[in-house]
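Any value given below was found using the heavy atoms of this structure, including those in side chains, with hydrogens, waters and symmetry copies removed.
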Amino acid sequence: MLEDKADRIKESLKAAEYFFFGIFAFIVICIAIMLMIYIPSASGLVREYSETALLNDAMTNSSVVEADIESVLAYLGSSAAELAKTDLTDKESLSALCRRIAENGEFRHVGFTDLDGITVSSTGVEKNTSDRAFIQSGLDGLYSVTPNTVCDFDGMMCDMYTVTVRKGGEIIGTISGDREVRSMSSPILSGTGSSERCNIIFDTDGKAVYCSEDNVLGLKTGSSLPDMIDDETEAKEITFVFNTMSSKTFKEITIGGNKYFAAFSSINSTNWTFVTLISTGDAFSSLGKLIGFTVALVLMMSALLLIAVAAVTIRIKRIKATVGAAIDDGITKMYVDSLTGHYTVEKFREYFDSEMKDTATGHALISLDVDRFKAVNDTFGYEGGNEMIRRLSDIIKRDIGKHDYFVRSIGDLFYILAQFGDSSELTELVERIILDVEYQITEIKLDLAVGIYIIDDHNVKSRVAADRADMARDSVKNMKQSRYSFFDNSMLQKIRREKRIEDIMEDALALREFLVYLQPKFGLGEENSVVGAEALVRWKHDGKLIPPGEFIPLFERNGFVMKIDYYMFEEVCKLQKKYEKLGFTPKVISVNMSRLHIHKPGFVAEL
């Protein structure tokens, strides 16, 4: 574990500090030992710290860049679905839609390109772009990001994002949007803004895609890193890293006679690699000062013995404080939740694995979240919602037992690993938390949903235990009276049933297994005549009717209900047409529509 490793490093520094107190009697021997042992160990420590820091920077920054690219492509993907429903022959409407997509997605321009390579842009201009590689890539069904390319509509350098537009499964064109070229000096990227450390993105050929102007290598866009490396073996290793998209890779390379430390982390969505790099001279600068100071001590020897001891001791303490602070900072980032100040999931998993070794003690995993937490964010804003999560964390921390452990997993979802002797202790704990939340948080009513999994197998993995606690918690949201529930095997059976239904639902729709049943509506007059009906869906599979309660709630959760709604609406329209052809006067038939449609743009137009 990281904490054990940090303790070992700190203990080694502490031992080095004690070592210098014996210098009074053995000045020459101690200095010789320091030169032979301490300097190499300090060198290894600097390299180890540099590796940890650079890898953390590279992985963090690659995640930031990848998330940004995926969000842009996802937005264009949703816009492509909207374009597919548009009359593409109406150039003015098409250009207006592209303009709205550009404004909402913060693009400089957005254009739709048909199969002939003709692009209609948000500026209203049409242009033949069939020779552009990213257009051909989109027409081949690929999503792509093309960095540092020339915009066809203003001639400026830009980053181009391209997504395929499909209609009925067939490719009908592409949608492309351009943004300003990504800046590697963005404040969201850690480690930037320093002449000693720089961040660069490379493609699979090892050519720079993005790089800051003041990078320590003097790299320009398009420069090849392997071609700059002095040693052929090092160059092949770096080429292999780029080709295999290796993550968490640390290398020492030589360029122009100078040595550098480089950390590599892959950006999977683009086949790029994020590299954080620093010269070894900068990394070892503090060690160089220490060596010079030690040589001075040798020359001064006995006459400056006391001064030497004091100076070396102070120097060791400073190094100890610096390295200790860096290690503590790394532990804090890994083990302390930046939002709540409590432990992270990583620390919770380690604690969980440790606790499972104690088979003599009863353990339970409790899953807890706030039902409809979105209402909190809508009322108080995201910062207000974050403050509510912090307060909820403090309440849970206060209410759990001294041998219990809790963590915020994501959003407003919490897990508690509780020790217990009797199940009543678990219900008391849950009820204590619920009452405390009601008492402490009065600005808005928070409805907690809690699931409890009593761990009966101490070999269970934390993820499996969490899934079972989540199942119990999800079952609470379908209840009216209770706010907590215990996991039982029937929940697993329900999950398996729902999985079987999800496996066949698409085929069932294609085979028209869903039937329209009409529930009549009677007038209140004396005639008791039928004045209309409500269309109800029934599912007949393998000659048997599946009860609506088994599939409707599931379809609501996975979104398939929207397809069923459109299917039912169309079937009722056909039925009304059939009645009309038979000479009957159609009566009003109500068709249910899920609330999920309300959140979908263009619902009315599609209906």
Side-chain angles (χ1 to χ4, degrees), residues 35 38-62 65 148 182-186 189-267 272-295 319 322-323 326:
L35 293 174
Y38 177 73
I39 292 177
S41 70
S43 174
L45 181 63
V46 172
R47 178 187 173 90
E48 185 176 0
Y49 172 68
S50 298
E51 179 175 349
T52 300
L54 291 182
L55 282 172
N56 283 340
D57 277 352
M59 288 188 291
T60 300
N61 292 329
S62 64
V65 173
N148 297 300
R182 183 180 299 278
S183 172
M184 295 304 289
S185 61
S186 170
L189 299 180
S190 61
T192 57
S194 169
S195 60
E196 298 178 351
R197 181 183 300 194
C198 61
N199 291 329
I200 306 171
I201 296 178
F202 295 91
D203 61 17
T204 52
D205 296 325
K207 293 182 179 180
V209 178
Y210 299 105
C211 53
S212 53
E213 294 182 359
D214 59 345
N215 65 79
V216 70
L217 295 180
L219 268 175
K220 302 296 182 184
T221 301
S223 300
S224 172
L225 181 61
D227 291 345
M228 299 174 64
I229 297 176
D230 298 347
D231 185 86
E232 184 177 351
T233 301
E234 289 181 1
K236 289 181 179 179
E237 290 178 353
I238 299 304
T239 301
F240 177 80
V241 171
F242 288 137
N243 288 336
T244 57
M245 292 287 293
S246 300
S247 283
K248 298 181 66 175
T249 301
F250 184 82
K251 295 287 185 181
E252 184 174 342
I253 58 177
T254 307
I255 298 177
N258 298 317
K259 291 188 176 295
Y260 300 88
F261 289 145
F264 303 76
S265 182
S266 61
I267 304 175
W272 295 339
T273 301
F274 198 104
V275 179
T276 299
L277 183 143
I278 187 174
S279 70
T280 56
D282 291 328
F284 285 98
S285 61
S286 61
L287 182 61
K289 295 176 183 178
L290 178 61
I291 293 173
F293 190 71
T294 305
V295 172
I319 293 176
T322 301
V323 174

Checklist entry - Under 30°, 30 to 60°, or over 60°: which ring-plane class applies to Trp272 and Tyr210, parallel, tilted or perpendicular? => result perpendicular

Checklist entry - So which heavy atom on Gly206 is nearest to which on Pro226, and how close? => result O-CD, 3.6 Å

Next on the checklist: Measuring from atom CZ of Phe264 to atom CD1 of Ile200, what distance do you get when rounded to the nearest 0.5 angstrom?
Outcome noted: 10.0 Å

Next on the checklist: Taking Lys207's backbone N and O only, do any of them form a donor-acceptor pair with Asp205's side chain (distance below 3.5 Å, no angle check)?
Outcome noted: no

Next on the checklist: Under a 3.5 Å distance rule, please check whether Glu252 uses its side chain to pair with a backbone N or O of Lys259 as donor and acceptor.
Outcome noted: no

Checklist entry - Partners of Tyr260 by ring-ring contact (aromatic ring centres under 6.0 Å, His included), sequence neighbours excluded? => result none

Next on the checklist: My understanding is that only residues two or more places apart in sequence, or in another chain, count here; which of them pass side chain to side chain contact (heavy atoms under 4.5 Å, CB included) with Glu237?
Outcome noted: Thr233, Lys251

Checklist outcome for this item: Smallest heavy-atom separation, Glu234 atom then Ile253 atom, equals OE1-CA, 3.4 Å

Item to check | Nearest heavy-atom neighbours spanning Phe274 and Ser62 | outcome: CB-CB, 3.7 Å

Next on the checklist: If I take atom CD1 from residue Ile278 and atom CG from residue Asp57, how far apart are they, to the nearest 0.5 angstrom?
Outcome noted: 9.5 Å

Checklist entry - Should the ring pair Phe202 and Phe242 be called parallel, tilted or perpendicular, given that the plane angle runs from 0 to 90° and is split at 30 and 60? => result tilted

Next on the checklist: Restricting to non-hydrogen atoms, name the atom on Asn148 and the atom on Val209 that form the minimum distance, rounded to 0.1 Å.
Outcome noted: ND2-O, 2.6 Å

Checklist outcome for this item: Output for pair (Arg182 CZ, Cys211 SG), nearest 0.5 Å, gives 13.5 Å

Checklist outcome for this item: Between the CG atom in Asn61 and the CG atom in Asn56, the distance rounded to the nearest 0.5 Å is 10.5 Å

Checklist entry - What distance separates Thr273 OG1 from Ile201 CD1, expressed to the nearest 0.5 Å? => result 9.5 Å

Checklist entry - Once you round to the nearest 0.5 Å, how far does CD1 of Ile238 lie from OG1 of Thr249? => result 8.5 Å

Checklist outcome for this item: When every non-hydrogen atom of Asn243 is compared with those of Thr204, the smallest separation belongs to OD1-O, 2.8 Å

